[in-house]
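These notes concern the structure reproduced below.
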Amino acid sequence: MGILSAEAPGGCRLAVKRLHCPAGKRDTIFALSSGHGKCGVAVVRTSGPASGAALRSLTGQQELPRPRAVALRRIHDPSSAETLDRGLVIWFPGPHSFTGEDCSELHVHGGPAVVGGVLQALGRLPGLRPADPGEFTKRAFQNGKLGLTEVEGLGDLIHAETEAQRRQALRQMEGELGQLYQRWSEELTKALAHVEAFIDFSEDDNLEEGVLAQVDAAVRTLEEEVSGHLQDGRRGERLRGGVHVVIAGPTNAGKSSLLNLLCQRPAAIVSPIAGTTRDVVESALNIGGYPVVLSDTAGLRETQDVVEREGVSRARERLQQADVVLAVLAAVDVDPEPRCFADALRAVLPPGPPAQRAPCILVLNKADLLEEGRGGALLGACGEGALPPTCLLSCKTGEGVDSLLSLLGTQLEQMCGDPLAGSPSLTQARHRLHLTSCLCSLGRYHGYKSLDLVLAAEELRLARRHLGKITGRVSAEEILDIVFRDFCVGK
């Protein structure tokens, strides 16, 4: 552990601890980096100071391949000299590697026996051990190759199942979100340095006039940007975790049939007996490139059955948490009048002002049972009243499903937006928590400024710490740099 120190005028000595982690004392780790199971090619990766020696041992050659160039080699078990496979090897000398350390990759045939043999051979070499889960990425973060937000983006990219998730994760992994937070952190660091310099050196002639006014303006601008970033309708979080779409309605309206139709499989039991569904049945879907968690719920009605009553209670609870509601009504049971539709929806949707409810799509099911011309009358009545978007559907024949998917896709696009457009969205509840705390500290700064400038500076320090917890970068050295650079008080 080393100490960085600097002496300011007046003999005030500032010291900052800097951690050192000697690369030569770290273990060399190895793991299968490609998917498990039989495959054409498997990738085994090592990272650490013994990577070069391990590659020499397994290939039986003293000379390493040219950096970042693919070479064909026979791979041997060093303990028995037995040939394990014939594959491609790549050498990545640090710091120009994923982890920032010396790394190697062995591209071998993906049979379990081959992969197992290579991993066992590596495990018998001195100084090597199997990697812990996520340890390669952790070392990349520790060595400054990735920030925390980029690490999270990499994890999201690996788990992305839809096109929109892939775009958002790739954008975050490439550093756009981290760069935004880092810019805010740098602005806050500068503001804090100016306030601390004013506290320590305001009696000297080294400070420019209006320093605190500049800090106030910078803090207000930062407050506006952070507040606007938080007011994004949870677009990034919804896109990352999936939009929760809840199917709700009275019994025997065809809710479970709709779930099965959209899933293209029998995910829920369907029967003519009212109250068949008594629990929440979930299924993950990809609709228009957007991730959806679709939930079928129990039919909403008063009942004396204890089990069904619990199902109705869970349905009501799920409706409160929904991002989008598919309100399903049997078209044959509703009169073509706006008032009748409004009454039916009131019985389904949670109480409260419409502006505070989740968006709703009205699904009129069992269109195949309607008399000729009645479907048009129902849609006409919906158009006359202040009702949500409506589609006529038959789960039995599939008629109208394209119209429903179009309405749902439009709603998803409005809620999630284009992940490549505008500034990057926050994607984690962790980000939202720290940004909210940061905003609160910025607000308290204004209150303390006229009372005690030291307390005001502490609020800026807390705000900066919350930003640093998002990016994983919290350093007092940056404050020192700005103090000496901007105010000419260093020696």
Exercise for the section: Scan side-chain atoms only and decide if Arg464 and Thr189 contain a donor-acceptor pair under the 3.5 Å cut-off. Expected result: yes
Exercise for the section: May I ask you to establish whether Arg45 and Phe98 are in a cation-pi arrangement, using a distance under 6.0 Å from NZ or CZ to the six-membered ring centre and at most 45° from the ring axis? Expected result: yes
Handout entry: With sequence neighbours excluded, residues passing salt bridge (Lys or Arg N to Asp or Glu O under 4.0 Å) with Lys449
Key = Asp216
Handout entry: From Asp132 atom CG to Lys138 atom NZ, the distance as rounded to the nearest 0.5 Å
Key = 8.0 Å
Exercise for the section: Taking all heavy atoms of Gly249 and all of Lys255, pick out the closest pair and write down the distance. Expected result: N-CD, 3.3 Å
Handout entry: No-hydrogen, no-angle side-chain donor-acceptor test under 3.5 Å, His107 and Glu105
Key = yes
Problem - Contacts of Glu152 that satisfy side-chain hydrogen bond (donor to acceptor under 3.5 Å, both in side chains) - sequence neighbours left out - result: Arg430, His431
Problem - Test salt bridge (Lys or Arg N to Asp or Glu O under 4.0 Å) applied to Asp343 - qualifying residues, sequence neighbours left out - result: Arg339, Arg346
Handout entry: Non-hydrogen side-chain atoms of Ile287 and Val292 separated by less than 4.5 Å
Key = yes
Exercise for the section: Please confirm whether the backbone N or O of Val454 pairs with a side-chain atom of Asp452, one donor and one acceptor, at under 3.5 Å? Expected result: yes
Completion exercise
Rounded to the nearest 0.5 angstrom, the CG-SG distance for Leu364 and Cys391 is 7.0 Å
Practice task
Please name all residues satisfying salt bridge (Lys or Arg N to Asp or Glu O under 4.0 Å) with Asp232, sequence neighbours left out, ordered by chain then number.
Solution key: Arg432
Exercise for the section: Using the test side-chain hydrogen bond (donor to acceptor under 3.5 Å, both in side chains), find all partners of Glu282 that sit at least two apart in sequence or belong to another chain. Expected result: Arg318
Handout entry: Under 3.5 Å: donor-acceptor pair, side chain of Thr297, backbone of Ile247
Key = yes
Handout entry: Close side-chain approach of Pro49 to Asp102, heavy-atom, < 4.5 Å
Key = no
Practice task
Using a strict cut-off of less than 4.0 Å between a Lys/Arg side-chain nitrogen and an Asp/Glu carboxylate oxygen, indicate whether Arg167 and Glu163 qualify as a salt bridge.
Solution key: yes
Exercise for the section: With the side chain counted from C-beta on, respond yes when Cys382 and Leu362 share a heavy-atom pair under 4.5 Å apart, and no when they do not. Expected result: yes
Completion exercise
Residues at least two apart in sequence or cross-chain that pass ring pair (Phe, Tyr, Trp, His ring centres under 6.0 Å) with Trp184, listed by chain then number, are Tyr181, His229
Fill in the blank from the handout: Contacts satisfying salt bridge (Lys or Arg N to Asp or Glu O under 4.0 Å) that involve residues 435-446 (not counting sequence neighbours) are Arg444-Glu459
Handout entry: Value rounded to 0.5 Å, distance of NE2 in His96 from SG in Cys103
Key = 12.5 Å
Problem - Sub-4.5 Å side-chain heavy-atom contact between His466 and Thr436 - result: no
Handout entry: Lys NZ or Arg CZ of Arg129 over Phe30 ring: under 6.0 Å, within 45°
Key = no
Problem - Donor + acceptor pair across side chains of Ser283, Arg265 (<3.5 Å) - result: yes
Fill in the blank from the handout: Residues at least two apart in sequence or cross-chain that pass side-chain hydrogen bond (donor to acceptor under 3.5 Å, both in side chains) with Ser104, listed by chain then number, are Thr46
Problem - Qualifying residues under side-chain hydrogen bond (donor to acceptor under 3.5 Å, both in side chains), relative to Thr427, sequence neighbours excluded - result: Gln172
Exercise for the section: Report the residues that fulfil ring pair (Phe, Tyr, Trp, His ring centres under 6.0 Å) with His244, sequence neighbours left out, ordered by chain and then residue number. Expected result: none
Problem - Minimum side-chain heavy-atom gap Asp296-Thr277 below 4.5 Å - result: yes
Problem - Salt bridge flag under 4.0 Å for residues Glu186 and Lys190 - result: no
Handout entry: Residues, nucleotides or ligands: over 12 heavy atoms within 6.0 Å of Glu161 CD
Key = no
Problem - Summary of salt bridge (Lys or Arg N to Asp or Glu O under 4.0 Å) pairs that have at least one residue in residues 407-417, sequence neighbours excluded - result: none
Problem - Nearest-0.5 Å distance, CG of residue Leu408 to OG of residue Ser403 - result: 11.0 Å
Practice task
Look only at the side chain of Glu317 and the backbone of Arg314, and say whether a donor-acceptor pair between them is shorter than 3.5 Å.
Solution key: no
Handout entry: Flag side-chain contact, heavy atom, 4.5 Å: Arg240 against Gln428
Key = yes
Exercise for the section: Return the set of residues passing salt bridge (Lys or Arg N to Asp or Glu O under 4.0 Å) with Glu176 (not counting sequence neighbours), or none when no residue passes. Expected result: Arg171
Handout entry: Leu239 backbone acceptor or donor facing Gln165 side chain under 3.5 Å
Key = yes
